[in-house]
S.K.: 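Dropping a structure here in structure tokens format, bear with me for questions.
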Amino acid sequence: MPTRTYCWALIDAIREEMERDPSVMLLGEDVAAAGGAFGGSRGLLDAFGPIRVRDTPISEEIIAGLGVGAAMTGLRPVVEIMFMDFFGLCLDQIFNQAAKTHYIYDGMFRMPLVVRTSTAVEMGIGPHHSQLLEAWVGHVPGLKVVMPATPRDAKGLMKAAIRDDNPVIFIEHLALHRMKEEFEDGEILIPLGQAAIRRPGRDVTIVATGLMVARALEAAETLSADGIEVEVIDPRTISPLDIDTILESVRRTNRALVVTSSLKPFGFGSEVSAEITEKAFFHLDAPVRRLTPPFTPMPFGKGFEAFLHPDATSIAAEVRSLLA
Amino acid sequence: MPTRTYCWALIDAIREEMERDPSVMLLGEDVAAAGGAFGGSRGLLDAFGPIRVRDTPISEEIIAGLGVGAAMTGLRPVVEIMFMDFFGLCLDQIFNQAAKTHYIYDGMFRMPLVVRTSTAVEMGIGPHHSQLLEAWVGHVPGLKVVMPATPRDAKGLMKAAIRDDNPVIFIEHLALHRMKEEFEDGEILIPLGQAAIRRPGRDVTIVATGLMVARALEAAETLSADGIEVEVIDPRTISPLDIDTILESVRRTNRALVVTSSLKPFGFGSEVSAEITEKAFFHLDAPVRRLTPPFTPMPFGKGFEAFLHPDATSIAAEVRSLLA
Amino acid sequence: MNPDPLDLWRRMMLIRQCEAQLNDAFAKNLFPGYIHSYLGQEACAVGVCAALEDSDWIVSTHRGRGHYLAKGMALKPMMAEMFGRATGICGGRGGEMHAADPTKGILGGNGIVGAGMPIAAGAALSAQVEGKGRVAVAFFGEGASNNGSFAETMNAAAAWSLPLLMVCENNLYAEMTPFADTSAAPDIAARATGYGLPGEIVDGNDVLAVTEAATRAVERARSGKGPTLLELKTYRWGGHFEGDPKAYRSREEEVEWMDRCPLRCLREVLLDGRADAATLDTIEAELTEEVAAAIRFALDSPEPEPSSALAKVFAA
Amino acid sequence: MNPDPLDLWRRMMLIRQCEAQLNDAFAKNLFPGYIHSYLGQEACAVGVCAALEDSDWIVSTHRGRGHYLAKGMALKPMMAEMFGRATGICGGRGGEMHAADPTKGILGGNGIVGAGMPIAAGAALSAQVEGKGRVAVAFFGEGASNNGSFAETMNAAAAWSLPLLMVCENNLYAEMTPFADTSAAPDIAARATGYGLPGEIVDGNDVLAVTEAATRAVERARSGKGPTLLELKTYRWGGHFEGDPKAYRSREEEVEWMDRCPLRCLREVLLDGRADAATLDTIEAELTEEVAAAIRFALDSPEPEPSSALAKVFAA
Ligand SMILES: Cc1ncc(C[n+]2csc(CCOP(=O)(O)OP(=O)(O)O)c2C)c(N)n1
Ligand SMILES: Cc1ncc(C[n+]2csc(CCOP(=O)(O)OP(=O)(O)O)c2C)c(N)n1
Ligand SMILES: [Mg+2]
Ligand SMILES: [Mg+2]
């Protein structure tokens, strides 16, 4: 089986969907001639031409708004907001327009829009490029939110997102762009709203997203040597969240830890914790824990980030303390 | 003691602070000549003149940005974003600029900025004017977030917010604007980050915000007739949250319910639930519950809103079920 | 496009009646929430939509009824929507600021000032990709033109030669604030040149002038030459919403503008050889009754089933 | 304001050396993260800041070192900040896109394109309220001028006659995208008129022309006449960041612009009677060493204590 990077898996996904469906198009800053600020759309302009693959001005609000209007009128646009840190400039189009249009107009419009965006968390480039705001969009009814942690998932989720008739916020980790995986060519569709159990285990459930999935697996290996068997769940879709898979696991392990690169208060971990507590309280032997960076802006540089972010060691330590 | 409405309490607060400190100013759409779109700044233009009280263009990003730049250079601006629903147009200035400037620049700047905003939830005016997004700003380090539920608190929190050297998001409920309370004239300062126990009780703790405080108290009265004694806590400040007061209560009552007008997933209730669970798990006799409107956009009209939002009856029912 | 002036008058009268009778209903406390009245601006919506086909798209604002009716939304379901009734075109969940009808190319209103412009540009993008000569129209007020979305839309539409009409109804006020208080330059049209598209000032109370300018802009758009900004100078007869005491302007100013009533202007043209007063009076009487019937229909319609609010968060 | 051209040259050379030597450090893998080089644009920052006092405010961008040095930030702490070291002016937490110095009126850089303009307008508002004749400057690129914040800032600043200079450094590219691909009109300055402020095009590689235009705009601002938009036509010698292969432009274009090197232009003026080559060479050598020393200082400085990241989330 061929090997693909996370980045090329995404390009493949978009290319295949553009081949399959002429209504799919791609808009964003530097996505066309330059092939993406980080190479995430290489070759697509050549393959599909300047009508369907376009460089936009640095106008985040209209990038999102073009997507909304185009999706309401028959296209399936993929619009790129280079970094999720820039969402403060275009959230109105995302949460008031894209998310609510189907609802407000009683189902008269579909909104097959993908907002492709990324975070450079742990790449050391400072406070305006290192944020993960999945909780913001998770708080909005009408949006779907996905965050792939592996190349194959990146492909399968992107293809499913493009085919979905609802607005999907698609969050990439640039720090995973070069991650490689061997997987089959061609049609891969990963249904939105379906978690993956990355590793089975009986002693504790770790729910980890994005960059933290691999670290949780690494921690699980270490712990396994000591006889602690961790189950690692990657939700893949942040909203709607596959809480059933998580609950099923927690009912077996009776303990849960959520690990994210995003911040704790009002974050993903709080949501998962509240859901587990509400729905599996009497199965819990200990409170659900959240392991996240401390509640600060993200300073510049990998030194700070290494200190602030969870790693395999701190995850393993948290698991031990949870079992203590 | 004199009686004041919530709306006039806010006007008093701003007027007193403007009298006290010439660096305080007020900017926003219709705040000057018209005295506020909802009368929330009546008389201030006359009292302080057009240099300090200004009508802005409909340019939410620059309204917030003017506040950031002015606060960095010695003023204490109160800037009004008419509805919190419009935050999608100005969040960048709020979360990337106002919230992070003190931090990024190693403490070289203070950011004494108040962003005054409102929600018209339960006033029947539809999906773009009925949102409460305290969870979004609560998720941002460097911001303080307050949400008064009574006239006296409105005054005391506004005065404290204006004197704070950090950016404060001040969320008003328009549905409370005409609420009256009798309280002393003059200097009232309610420290940010301090919850109020609105009613003591031994059987269950309700954490309620904004509109829901009065309803929780109403439900508590009903329940009291049946011998169920509810403690009602109004956090007043959403971030930083006074979790200690909540925990102290839950350790006594062993049961907690969070009631909000905002939505459940990734919301205020999830944060409170996760915190209580993490820090008082072994005191809990039952899982923390969250009572909120269902996860939909807010349709037009009071009929829909009455159906969707918690009221004293549904709160009482939830308490009974929590105790069952 | 050469519309019959009598048709224009009929459509303007429909809007006039709708707005006047809604104000009455509001005064009688029969209306839920705010009314953003279109009284006085009828020539803008009707003139622009006269230049459009059903297949063209429009995006409206918080002040949308004029646009909806001008573009052909059926009166009764529109009216019922305004009252939030189950028979409304959105089942009552949109309300006064939100109605849409894809079969007539009406892509909705908006509660967010300025947010419709990028959406209309997106529809224009669809039109361009489709390549069949459709156009899209963004309606907005002079207040909205101070929002960043206006500039971003002009720039992107011009850069890509999108088939877009940006129609600014400059009615002098944004809520209670006069435009002159928030901008140093009086004309919105002047903002176009710098972004590389034509900007034109039109008498927004003269429906024939509006139709003509819109027809030219539509032709330009259909032939691939790109967007146009039209600034229609007009006046909002009512307050920002019904009940607003209008302390921010003089009664003289109001009278001056009411003297330039768009319906009266056109009536004079029509009476000059195209129609007689009796015909016009008959039409007016018919429309008066049609609107009254629509309001009765709305008032007689049931409130929506509250639990219907739980449906349609997502498309299946 | 009549700055000594030799001082201008000295300051430009400081920036030139800084940028050139940072590129070397980057090539040797000594630099953390990206470098947004200011090579080629030195006359813009230096010309504008020559018209300013210490007490005036500037707001910079992601490409900020030229502005920082031109406005008087001390070289060593600035340099250490770029390397994210504990001795940096922000303790290393700001990094390449963020440095500030309130004592010199430097209100910071930004990672968000366009976000600095509203902030500069806010500083101008402070200046206006204070009433002592300070001015504020917003630096930004032509790419940022496509963002809504640009239009909102122009409009509000003009409406209120804020003492603001909006300085657009049009270096033709935004990341890898030529301006012409994202805008139908080539000149940013032309966007000003419609918003009611003057817009002027200036040769951004001619520091004397920039100084003169900035001085006029500053005078206008100080005397209460309001904001000015200056468009400085210039060129980014390097890629968007170091390492960018620059496939989007021709080597001929680069050579053409490098031939119009702002330092060389001024050198010719200076050699025409104001300074001799030896003096200039001595200054260059001194500055070369000063910058080298600053880089050594940065490299020798400790990394910040990681736990310092936990402090200063809030002001006490
Ligand atoms: C983004 C945003 N800001 C503010 C408001 C509040 N508001 C509603 S209508 C309005 C005035 C709009 O003025 P204009 O664009 O001239 O349209 P008009 O009402 O005159 O038709 C304002 C400020 C809003 N709905 N959305
Ligand atoms: C809001 C936002 N959008 C996009 C980016 C990514 N980005 C960083 S620099 C840049 C180009 C800016 O171009 P310009 O304003 O011309 O400044 P220059 O880099 O040429 O100095 C872009 C698109 C960003 N940092 N912020
Ligand atoms: Mg108006
Ligand atoms: Mg540029």
Side-chain angles (χ1 to χ4, degrees), chain A residues 60-61 85-97 99-100 103-104 126-128 131 133-142 238-241 262-282 284 286-290 294-297 299-300, chain B residues 60-61 85-97 99-100 103-104 126-128 131 133-142 238-241 262-282 284 286-290 294-297 299-300:
Chain A
E60 278 73 14
E61 190 179 357
D85 308 70
F86 308 162
F87 265 40
L89 299 166
C90 59
L91 262 170
D92 181 70
Q93 289 293 334
I94 292 174
F95 94 104
N96 275 328
Q97 316 299 332
K100 298 182 174 49
Y103 184 86
I104 296 178
H128 289 164
Q131 295 171 89
L133 300 163
E134 79 280 21
W136 278 8
V137 278
H139 191 46
V140 179
I238 301 298
S239 178
L241 183 66
S262 49
L263 303 182
K264 185 186 292 188
F266 300 89
F268 179 75
S270 303
E271 177 58 21
V272 174
S273 169
E275 284 286 309
I276 294 175
T277 305
E278 188 172 308
K279 294 171 180 157
F281 182 72
F282 296 103
L284 284 176
V288 180
R289 301 264 186 111
R290 296 162 288 166
F295 197 45
T296 74
F300 176 81
Chain B
E60 277 72 16
E61 191 179 356
D85 308 70
F86 309 161
F87 266 40
L89 298 165
C90 59
L91 263 169
D92 182 69
Q93 288 293 335
I94 292 173
F95 95 104
N96 274 328
Q97 316 300 332
K100 297 181 174 50
Y103 184 87
I104 295 178
H128 289 163
Q131 296 170 90
L133 300 163
E134 78 280 21
W136 279 8
V137 278
H139 191 45
V140 179
I238 301 298
S239 178
L241 184 66
S262 49
L263 303 183
K264 185 185 290 187
F266 299 89
F268 179 76
S270 303
E271 177 58 20
V272 174
S273 168
E275 283 286 309
I276 294 176
T277 304
E278 189 171 306
K279 294 171 180 157
F281 183 72
F282 296 104
L284 285 176
V288 181
R289 302 263 186 110
R290 297 163 286 166
F295 197 44
T296 74
F300 175 81

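Within every chain, numbering begins at 1; the chains are lettered A, B, ... in the order of the sequence lines, protein sequences first and strands thereafter.
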S.K.: What residue, out of B/Gly267, B/Ser273, B/Ala135, has the most heavy-atom pairs lying under 4.5 Å from chain A?
M.R.: B/Ala135
S.K.: If I measure from the heavy atoms of chain B, does A/Glu278 come under 4.5 Å with its side chain, its backbone, both, or neither?
M.R.: both
S.K.: Report which part of A/Leu284 has an atom under 4.5 Å of a heavy atom belonging to chain B: side chain, backbone, both, or neither.
M.R.: both
S.K.: Give a yes or no on whether the ring-centroid distance for A/Phe281 and B/Phe281 is below 6.0 angstrom.
M.R.: yes
S.K.: Do B/Leu91 and A/Phe87 have side-chain heavy atoms sitting under 4.5 Å apart?
M.R.: no
S.K.: So does B/Trp136 get a backbone contact from the side chain of A/His139, meaning a donor-acceptor N/O pair under 3.5 Å?
M.R.: no
S.K.: As an exercise: rank B/Gln131, B/Glu61, B/Arg289 by heavy-atom pairs under 4.5 Å with chain A and give me the winner.
M.R.: B/Gln131
S.K.: If only atom types and distance count, is the side chain of A/Asn96 paired as donor or acceptor with the main-chain N or O of B/Gly88 below 3.5 Å?
M.R.: no
S.K.: Identify which part of B/Val140 has an atom lying under 4.5 Å from any heavy atom of chain A, answering side chain, backbone, both or neither.
M.R.: both
S.K.: Does any heavy atom of chain B fall under 4.5 Å from the side chain of A/Lys279, the backbone, both, or neither of them?
M.R.: neither
S.K.: Count the heavy-atom pairs under 4.5 Å between each of B/Ile104, B/Val272, B/Leu263, B/Leu241 and chain A, then report the option with the highest count.
M.R.: B/Leu263
S.K.: To the nearest 0.5 angstrom, please state how far the NZ atom of A/Lys100 sits from the CG atom of B/Asp85.
M.R.: 7.5 Å
S.K.: Check each atom of A/Ile238 against the heavy atoms of chain B and say whether the ones under 4.5 Å are side chain, backbone, both or neither.
M.R.: both
S.K.: Output the option from A/Cys90, A/Pro141, A/Ala274 having the highest count of non-hydrogen pairs under 4.5 Å with chain B.
M.R.: A/Pro141
S.K.: How far apart are the closest heavy atoms of B/Phe282 and A/Ala286, and which atoms are they?
M.R.: CZ-CA, 4.3 Å
S.K.: How close do B/Glu271 and A/Phe266 get, counting heavy atoms only, and between which atoms?
M.R.: OE1-N, 2.7 Å
S.K.: Non-hydrogen atoms of chain B under 4.5 Å away: do they reach the side chain of A/Phe268, the backbone, both or neither?
M.R.: both
S.K.: Quick check on the interface: out of A/Ser239, A/Gly269, A/Pro127, A/Ala99, who has the most heavy-atom pairs with chain B under 4.5 Å?
M.R.: A/Pro127
S.K.: Taking only residues two or more places apart in sequence, or in another chain, which ones meet A/Gln93 in a side chain to side chain donor-acceptor pair (under 3.5 Å)?
M.R.: none
S.K.: Please identify, among B/Phe300, B/Phe295, B/Phe86, the residue contributing the most non-hydrogen atom pairs under 4.5 Å to chain A.
M.R.: B/Phe295
S.K.: In terms of side-chain geometry, is the basic nitrogen of A/Arg290 or B/Glu275 positioned less than 4.0 Å from the acidic oxygen of its partner?
M.R.: yes
S.K.: What part of A/Leu89 is in contact with chain B, defined as an atom under 4.5 angstrom from a non-hydrogen atom: side chain, backbone, both or neither?
M.R.: both
